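Atom set for the values below is all heavy atoms of this structure, side chains included, hydrogens, waters and symmetry mates excluded. Chain letters run A, B, ... following the sequence lines, proteins first and then strands; every chain starts at 1. Fair warning: this is a prediction, and the values are worked out from it, not measured in the lab.
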2 protein chains.
Amino acid sequence: MGAGLEIPLDRILLGDCIETLRALPPASVHAVFADPPYNLQLRGTLHRPDHSLVDAVDDAWDQFTDFAAYDAFTREWLTECRRVLRKDGTLWLIGSYHNIFRLGTALQDLGFWILNDVIWRKANPMPNFRGRRFTNAHETLIWAARSEDAKYRFNYAAMKALNDDLQMRSDWYIPLCTGNERLRDEAGNKLHPTQKPEALLHRVILSCTQKGDVILDPFSGSGTTGAVAKRLGRRFIGIERDPTYAAAAERRIAAIQPLGDVETAPTPTRKEQPRIAFGSLVERGLVQPGATLTDRHRRWAAQVFADGTIACGTARGSIHGVGAAVQEAPSCNGWTFWHLVQADGALKLLDVFRTELAG
Amino acid sequence: MGAGLEIPLDRILLGDCIETLRALPPASVHAVFADPPYNLQLRGTLHRPDHSLVDAVDDAWDQFTDFAAYDAFTREWLTECRRVLRKDGTLWLIGSYHNIFRLGTALQDLGFWILNDVIWRKANPMPNFRGRRFTNAHETLIWAARSEDAKYRFNYAAMKALNDDLQMRSDWYIPLCTGNERLRDEAGNKLHPTQKPEALLHRVILSCTQKGDVILDPFSGSGTTGAVAKRLGRRFIGIERDPTYAAAAERRIAAIQPLGDVETAPTPTRKEQPRIAFGSLVERGLVQPGATLTDRHRRWAAQVFADGTIACGTARGSIHGVGAAVQEAPSCNGWTFWHLVQADGALKLLDVFRTELAG
DNA sequence: GACAGTGATGAATCGAACC
DNA sequence: GGGTTCGATTCATCACTGT
């Protein structure tokens with residue numbers, strides 16, 4: 001703690017991000033988690049196929065005139081965060097393709113040292129309704145030390161334990177914040193447009209801090225960082241300029257019961273089912289385009305295409321759809337119906353490939 | 001093709017990336033796939049922002065200057081790629097956290113319009129031996145159109161088919177390039193340090209090009225882009241400055257057997273299916289004049305006329321128009337909205353009739 | 001109470017062909 | 001190029017309701 005500045009702990013500070021950061025003492029926090037505006041640049045309105053309206057992020061705080069303005073803002077608050085961060089502290093950022101490249105570049109230019117980029121793979125993302133792009137199913141986090149030569153904390157064993165005794169990878173599979181976890185106003189509408197799931201912050205905080213450490217969130221919003229920090233026995237400082245959000249976060253955090261020393265055991269995360277698409281067998285060359293599939297009794301023969309579809313007679317589509325069509329059945333599990341005709345004429349059930357890949 | 005420049009197809013051009021790009025005609029390729037170097041030890045080939053050459057043995061460069069040199073190099077070759085790219089073409093980049101933020105920022109600054117960032121999740125990444133970070137288990141790709149307002153190709157149906165009839169997401173699970181696919185020298189050592197798996201290029205090329213399109217790879221390396229392009233019936237241009245890599249890639253690609261027209265036939269989309277008018281169902285007696293149509297919830301009932309129009313309340317017109325009118329929606333796909341009430345009272349979706357007729 | 005079915009919704013840079 | 005028409009387009013999750 002320096003310069004006689006006090007560090008206000010376990011509160012949401014109401015005010016402008018940069019000004020408030022400037023009032024904090026240097027080298028005083030162990031970690032920063034920042035979820036800045038994404039600068040989404042949405043143009044029109046978007047409807048679902050059922051004509052319902054997609055509730056977009058159109059808030060004033062996400063509007064910037066151009067990349068230069070966004071970059072200038074980014075560098076200002078990142079500079080202050082770096083000043084406030086202890087030499088052995090680390091910083092987390094989260095963003096999407098709209099802004100994450102600006103953030104990463106600024107980070108590197110300011111002297112931070114990137115340790116990992118981490119992918120939050122969303123279990124249940126919003127689909128792409130118009131079919132014009134890939135489903136945007138992830139967000140990117142960046143984890144960085146204050147400088148290249150800095151010591152930093154990484155709780156390797158905790159992360160490994162959280163991942164069934166395998167090293168924690170840089171891709172994390174976590175559901176969106178929905179249901180009862182999502183804060184709502186009196187009318188039942190979501191209080192904050194971009195509330196992050198507690199599971200995400202749980203992993204972040206557990207990975208790089210210990211009990212009693214101070215975590216700063218300069219864009220506190222709905223207060224997820226503070227809530228998880230308190231539950232895990234960490235201290236926090238939140239900064240938020242919207243009084244409604246700040247008040248809701250204070251109430252939310254006040255209701256949190258900190259875990260005892262014993263129960264600080266990591267919450268088990270939902271296990272992901274390995275899902276294999278037939279197309280990936282084609283991509284990987286395990287099944288060649290042009291190959292022949294047949295059923296157990298060799299009654300039907302189907303040909304494989306480069307896109308992972310198959311064709312049999314006039315039917316073309318997935319292994320499941322074509323299997324159903326030839327049998328005139330309402331549905332069919334193509335994995336257990338179709339066999340690959342191998343070079344020697346022997347049959348190999350597709351499901352065997354799947355088992356091999358998943359294992 | 002402009003300025004009398006010839007476009008050299010299906011070859012690896014040996015030479016400096018930027019110089020060779022400058023010799024290509026503008027707006028001549030349909031897609032670019034670029035896997036640029038990202039070790040920042042390229043000093044011998046890097047230029048300062050003022051285009052002067054960076055001295056390879058000059059250790060006085062600080063971190064910022066290194067980044068500036070890398071950025072200048074990046075902007076130079078990206079500018080040339082943008083010139084060579086057709087207006088309706090798209091560009092793919094791949095990188096890791098060391099360079100991907102520089103690449104993405106440069107893309108945006110040069111006027112490219114990011115469509116997706118895509119995560120290549122490695123099935124078998126190298127573990128983190130020292131236990132000081134998360135296992136770096138992914139690389140990031142960026143997919144971008146030439147400008148914000150540009151039309152571009154996205155083979156939505158092919159990507160959906162490749163993913164078992166679910167929309168393709170932005171996170172791709174693909175193994176590293178190993179085993180027989182990996183090119184090796186006489187001593188059995190891997191020929192190229194970062195050879196990309198063919199499965200990755202298969203998905204990239206299938207997603208945004210059609211047969212006969214030209215794909216440019218300015219950092220061709222081991223030639224994966226050319227190999228997969230040739231197999232899928234696309235044309236390619238590779239650029240590589242290392243003669244050993246270029247020669248190995250030429251040999252590799254020469255051995256590729258292109259798939260036939262059948263196996264690479266484009267995935268049929270609904271739009272390309274033979275157009276069926278609702279009236280033809282009435283003409284053929286599949287739907288009787290006077291029959292009743294209703295929606296899934298039996299909220300509305302409409303009567304069928306001999307001319308293929310339907311009426312519901314005061315609304316009369318096509319299945320699309322009346323469907324939109326009763327829902328007070330701007331539009332409606334009548335095929336997937338209306339069901340025929342059959343003799344036994346059961347409902348049959350009109351789209352099922354259409355599928356039967358088309359098949 | 002269990003289970004099935006329904007409806008709502010999530011950081012989204014989300015037409016194209018034709019006259 | 002601008003205006004108009006046609007028609008194509010969604011996955012996982014969870015709260016809630018009804019049987």
#### Entry: Separation of C/dA8 P from A/Leu53 CG (nearest whole Å)
14 Å
### Query
Nearest-Å distance, CG (B/Asn333) to P (D/dT5)?
18 Å
### Listed partners of B/Asn99 passing side chain to side chain donor-acceptor pair (under 3.5 Å), at least two apart
B/Tyr70
Pick out the pairs of N or O atoms, protein on one side and nucleotides 4-7 of chain C on the other, that lie under 3.5 Å.
| unit_1 | atom_1 | unit_2 | atom_2 | d |
| --- | --- | --- | --- | --- |
| C/dG7 | OP2 | B/His297 | NE2 | 3.4 |

#### Entry: Passing candidate, side chain to side chain contact (heavy atoms under 4.5 Å, CB included) with A/Phe33, options A/Ile205, A/Leu216, A/Leu141
A/Leu141
### Query
Toward the 5' end of DNA chain D, which comes first, B/His320 or A/Thr135, by nearest nucleotide?
B/His320
### Query
Going by a 90° cut-off around 0, is D/dT13 syn or anti?
anti
### Query
In which stems does DNA chain C show up, taking only runs of three or more Watson-Crick or G-U wobble pairs whose two distances fall under 3.5 Å?
C:2-10 with D:11-19, C:15-19 with D:2-6
### Message
Measuring only the C1' atom in each nucleotide, how far is D/dT19 from C/dG1? A whole number of Å is fine.
### Response
12 Å
### Pairwise C1' distance for D/dT10 and C/dT9, with rounding to whole Å
11 Å
### Query
Any donor and acceptor pair, going by atom type alone, linking the side chain of B/His320 with main-chain N or O of B/Gly334 inside 3.5 Å?
yes
#### Entry: B/Arg82 (side chain) donor-acceptor with B/Arg146 (main chain) under 3.5 angstrom
yes
### Query
Got A/Glu198 and A/Arg203 here, is their nearest side-chain heavy-atom distance under 4.5 Å?
no
### Query
For A/His138 and D/dA12, what is the distance between atoms NE2 and P respectively, to the nearest whole Å?
18 Å
### Message
Give me the distance, rounded to whole Å, that separates D/dT9 from C/dA8 when you measure between the P atoms they each carry.
### Response
23 Å
### Interatomic distance, A/His47 NE2 vs C/dA8 C1' [rounded to whole Å]
16 Å
### Message
Could you tell me how far apart B/Phe278 (CZ) and D/dC6 (P) are, to the nearest whole angstrom?
### Response
17 Å
### Qualifying residues under side-chain contact (heavy atoms from CB on, under 4.5 Å), relative to B/Ala301, sequence neighbours excluded
B/Thr292
### Task
Check each of A/Leu107, A/Leu103, A/Ile142 against B/Phe101 using the side chain to side chain contact (heavy atoms under 4.5 Å, CB included) test, and report the only one that passes.
A/Ile142
### Query
What closest approach, in Å, do B/Leu162 and A/Glu283 show between heavy atoms, and which atom pair accounts for it?
CD2-OE2, 3.1 Å
#### Entry: Main-chain N/O of A/Arg132 paired to B/Tyr152 side chain as donor or acceptor, under 3.5 Å
yes
Can you give me the N/O atom pairs linking the protein to nucleotides 15-19 of chain D at distances under 3.5 Å, or say none if there are none?
| unit_1 | atom_1 | unit_2 | atom_2 | d |
| --- | --- | --- | --- | --- |
| D/dA15 | OP1 | A/Asn180 | ND2 | 3.4 |

### Task
Sugar-phosphate means primed atoms, P, OP1 and OP2; the rest is base. With that split, encode nucleotides 9-15 of chain C 5' to 3' as B, S or - using protein heavy atoms under 4.0 Å.
BBBBBBB
#### Entry: Ionic contact status for B/Asp109 with B/Arg75, cut-off 4.0 Å
yes
### Query
Is a donor on one side and an acceptor on the other found under 3.5 Å between the side chain of A/Trp120 and the backbone of A/Leu200?
no
### Task
Output, in order, the C-alpha distance, side-chain angles, deciding distance and verdict of ring-ring contact (aromatic ring centres under 6.0 Å, His included) for B/Trp172 and A/Phe134.
CA-CA 11 Å; B/Trp172 300 355; A/Phe134 298 98; 5.5 Å; yes
### Query
With side chains defined as the heavy atoms from C-beta onward, is the minimum distance between A/Trp61 and A/Pro193 less than 4.5 Å?
yes
#### Entry: Under-4.0 Å salt bridge between B/Asp165 and B/Lys160
no
### Query
Roughly how far apart, to the nearest Å, are C/dA11 and D/dC6 at atom C1'?
32 Å
